[in-house]
Structure formats: structure tokens, C-alpha cells
Amino acid sequence: MEAGRFCHRRKKGHAYVSTDLMVMLERLSAAYGPQGWWPLPTLAGIDGRNRVGYRAAPSMPVPSDAINASQARFEIAVGAVLAQNTAWTGATKAILALHHAGFLSPGVLAGIDETLLGNTIHAAGTFKIKARYLKALATAWPAFEFEQPTRTQLLTIQGIGYETADCILLYCFGQPVFIGDAYARRILLRTGFFSSQQSYESTRRAAALLLPLDATYLAEAHALIDEHGKRCCRAKPLCKACPLTRYCLDARC
DNA sequence: CGCCAGGCAACAC
DNA sequence: GTGTTGCATGGC
């Protein structure tokens, strides 16, 4: 995929077809540009420079042959936990604090005192719980250096639910998963893909059928959907600035 | 001030 | 399997 462009065709037989959902995502990409969620440069590689606002490239999985792939995967997984129900700015402060404290490796993190860990990540909110989650993640993580985790394995780790598990599979390990999060559910409902509220799981499965089975594509799709949810498709939608009004069935648009 | 932010576990039913 | 609640900081 070209930087700054989000265009993909789902192959069907010998022809290439574009689903309505893909057309919608291309429109979001044109409106918002490349999102650059993950992987960002590893913290070690950028010497503490704040990663907030890094938007030069599309989001994509960690390449398996990347020099710092192992470190990048762990940082992403830690970030996914820290970002739960929290603004990304707070999660970023917390991950930088972990980096500066020298805690950002599975071996170190697994052994840190939980109260100290909580104090270090306090900017991410719900910090006592997240300290416990991060220790569970760090303890389980070394096994995944040799063999990629399954979804079921990830879900057994305290603090990893459906969405975090799928984000780890997608952004860390390049598995093509659609993230059926709250934004995706809201947007797909308002644009008429669903006629009623759907669960995380049914959204994940249904949307995947409409999109390329391509991790790079799905990585940027998730970022675009969340950006649209934050900017326009809020609980109280800001339809005036919405790039999808012509697709939207919601009465308020 | 209230609402929301790149959710999850525990529990009830 | 669905619905509710506590967790907690920071930005607007």
C-alpha cells in the first residue's frame, strides 16, 4: 500500500470488486490521511522523543524481519493495555515513563513491584489494575517469541479481552483481524451495515467478510474508524463535518 | 462542571 | 450471551 493512500480491491474470482465498506474507508482515508498508529519507531531508537502526533505513514503490522521487531511487538502490546479506556495521550506518557525507568522489557517488567509500576504508569488512569495487567502480560510474553500466540491464549491473560487480543494479533503479529470496537459498531450501525446493535464478536466477523483479508489494510482501517468516531461519529454526532453523510442513515445527519 | 478517551474483570441473570 | 459496575487520569 502506498503511503498516504488507502485503496484496495477485494479479489473475487478473476475480477476485483470493492465493497461499500471499502468505499467508505477510502473516503475516510481521503478525509483524514494516513493514521500511523503502529508500529511507531521503537522508543530505544528515537531516544525518548515523544511519539504523539506521528502521522507520516499508514498504520501497519510490525514486519517480521524488522531489526527491532521483538521490542516493537512488546511495546505495542504494552501500549494496547495502557490505552484501554484512556486517551492515547495518557497512554503515551505512561509508556514513555516505563521507557525512561528502564522497565520496558518482559523480563524487567515481570519482576517490578506492582505499586512502583502503578506509580510509573499513573498518567494512563486505572493504574493499579493496569499494573497488574502489565505484569501478567510480561509474564506470558516470552513464550510468544518462539511461537505466535493464538487468540485463545491471549484471552487467558488477565487484562486482555477481545479487543486487546485482536489488536495484538493484528499490530504485533500481522494477523488479518477486523477490530469490532465500539466505534466500528456505532459507525456500521449508523451507516446501515447493521439494523441493530451488535456485539464485538458479531461485528468482527461480519465486517471481515466485507474487507480484504490483509493485515496492512485492516490495521489502517481500524485507525481510520477510530479517528472518525472521535472526530465526527460521536455519541452526539458532528454531522456538519462528516465525510460520510451521503452513506449515513442516521436521522441526525 | 460533565463527558469521554485506541476496555476489562467480576458478577448477576 | 447480555447487562451492569468499578476502575482513574487528563483534555476539552
Side-chain angles (χ1 to χ4, degrees), chain A residues 25 28 32 34-40 50-55 58-62 75-98 114-115 117-137 140 151-172 177-189 194 196-207 215 218-238 241:
Chain A
L25 285 165
L28 291 181
Y32 301 142
Q35 295 302 297
W37 269 29
W38 284 317
L40 303 176
N50 196 317
R51 298 202 263 184
V52 173
Y54 183 89
R55 287 289 186 272
S59 317
M60 55 187 302
V62 176
E75 288 180 9
I76 290 167
V78 168
V81 169
L82 290 172
Q84 289 169 2
N85 198 36
T86 303
W88 183 239
T89 51
T92 302
K93 286 178 189 169
I95 201 168
L96 284 169
L98 288 175
E114 206 166 293
T115 302
L117 184 53
N119 291 337
T120 307
I121 64 171
H122 81 281
T126 58
F127 53 85
K128 292 179 185 173
I129 289 173
K130 284 176 181 172
R132 187 164 73 245
Y133 291 174
L134 287 183
K135 292 199 71 170
L137 175 72
R151 192 164 192 259
T152 306
Q153 271 180 304
L154 290 171
L155 289 172
T156 64
I157 301 169
Q158 289 296 310
I160 298 186
Y162 292 130
E163 184 173 343
T164 306
D166 286 338
C167 283
I168 289 171
L169 290 175
L170 175 60
Y171 291 102
C172 298
V177 189
F178 182 86
I179 309 297
D181 68 355
Y183 289 130
R185 285 144 64 186
R186 180 195 291 163
I187 292 167
L188 291 174
L189 180 62
F194 300 142
S196 62
Q197 292 285 350
Q198 298 296 313
S199 67
Y200 179 92
E201 281 294 277
S202 72
T203 301
R204 176 180 69 78
R205 281 194 283 263
L218 294 171
E220 185 72 351
H222 173 52
L224 286 166
I225 286 168
D226 280 25
E227 185 66 16
H228 183 55
K230 279 187 293 191
R231 284 207 210 183
C232 296
C233 206
R234 306 178 180 180
K236 291 180 64 175
L238 302 177

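Values below: every heavy atom of this structure, side chains too, minus hydrogens, waters and symmetry copies. Sequence lines set the chain letters: A, B, ... in the order given, protein chains first and strands last, and positions in each chain run from 1.
Taking atom CH2 of A/W37 as the reference point, atom P of B/dA5 lies 12 Å away to the nearest angstrom. Whole-Å rounding puts the A/K236 NZ to C/dC12 P distance at 19 Å. Summarising the geometry, the separation between NZ on A/K135 and P on B/dA9 is reported as 18 Å, rounded to the nearest angstrom. Atoms OH (A/Y200) and P (C/dT2) sit 15 Å apart, rounded to a whole Å. In this structure, A/E227 places its CD atom 18 Å from P of B/dC4, rounding to the nearest Å. Remark: P of B/dA9 and CG of A/N85 are 13 Å apart, rounded to the nearest angstrom. The distance from atom CD1 of A/I121 to atom P of C/dC7 is 16 Å, rounded to the nearest whole Å. Nucleotide C/dG1 holds its P atom 9 Å from the CD atom of A/E201, rounded to whole Å.
Taking atom P in both C/dG10 and B/dC8, one finds a spacing of 22 Å when rounded to whole Å.
Of the residues in residues 153-168 of chain A, those placing a heavy atom less than 4.0 Å from an atom of DNA chain B are A/I157, A/Q158, A/G159, A/I160, A/G161, A/Y162, A/E163, A/T164, in numerical order.
The side chain of A/T126 lies closest to C/dC7 when the candidates are C/dT2, C/dC7, B/dA9. When each of C/dA8, B/dA5, C/dG11 is scored by its nearest atom to the side-chain atoms of A/Y183, the top-ranked nucleotide is B/dA5. Listed candidates were B/dC4, C/dA8, C/dG10. Nearest to the side chain of A/K128 is C/dA8. Of the candidates C/dC7, B/dC8, C/dT9, the closest approach to any side-chain atom of A/F127 belongs to C/dT9.
Base contact: A/A87 has a heavy atom under 4.0 Å from a base atom. The residue A/K130 sits apart from the nucleic acid: no heavy atom pair falls under 4.0 Å.
Two residues are said to be in side-chain contact when any heavy atoms from C-beta on lie closer than 4.5 Å; A/E227 and A/Y183 fail this criterion. For the pair A/L218/A/V177, no side-chain contact is recorded, criterion being any heavy-atom separation below 4.5 Å from C-beta on. Residues A/T86 and A/K130 have side chains in contact (heavy-atom distance under 4.5 Å, counting atoms from C-beta outward).
For the atom pair NZ (A/K128) and CG (A/L117), the distance works out to 13.5 Å, reported to the nearest 0.5 Å. Atoms CD1 and CD, on A/I160 and A/Q153 in that order, are 11.0 Å from each other to the nearest 0.5 Å.
Side-chain contact check for A/E220 and A/S59: at least one donor-acceptor pair (N or O, by modelled atom type) lies under 3.5 Å.
Partner A/L82 forms a side-chain contact (heavy atoms from CB on, under 4.5 Å) with one of A/T126, A/L134, A/T92 and no other, that one being A/L134.
In terms of position along DNA chain B, the nucleotide closest to A/H222 lies nearer the 5' end than the nucleotide closest to the other residue of the pair A/R132 and A/H222.
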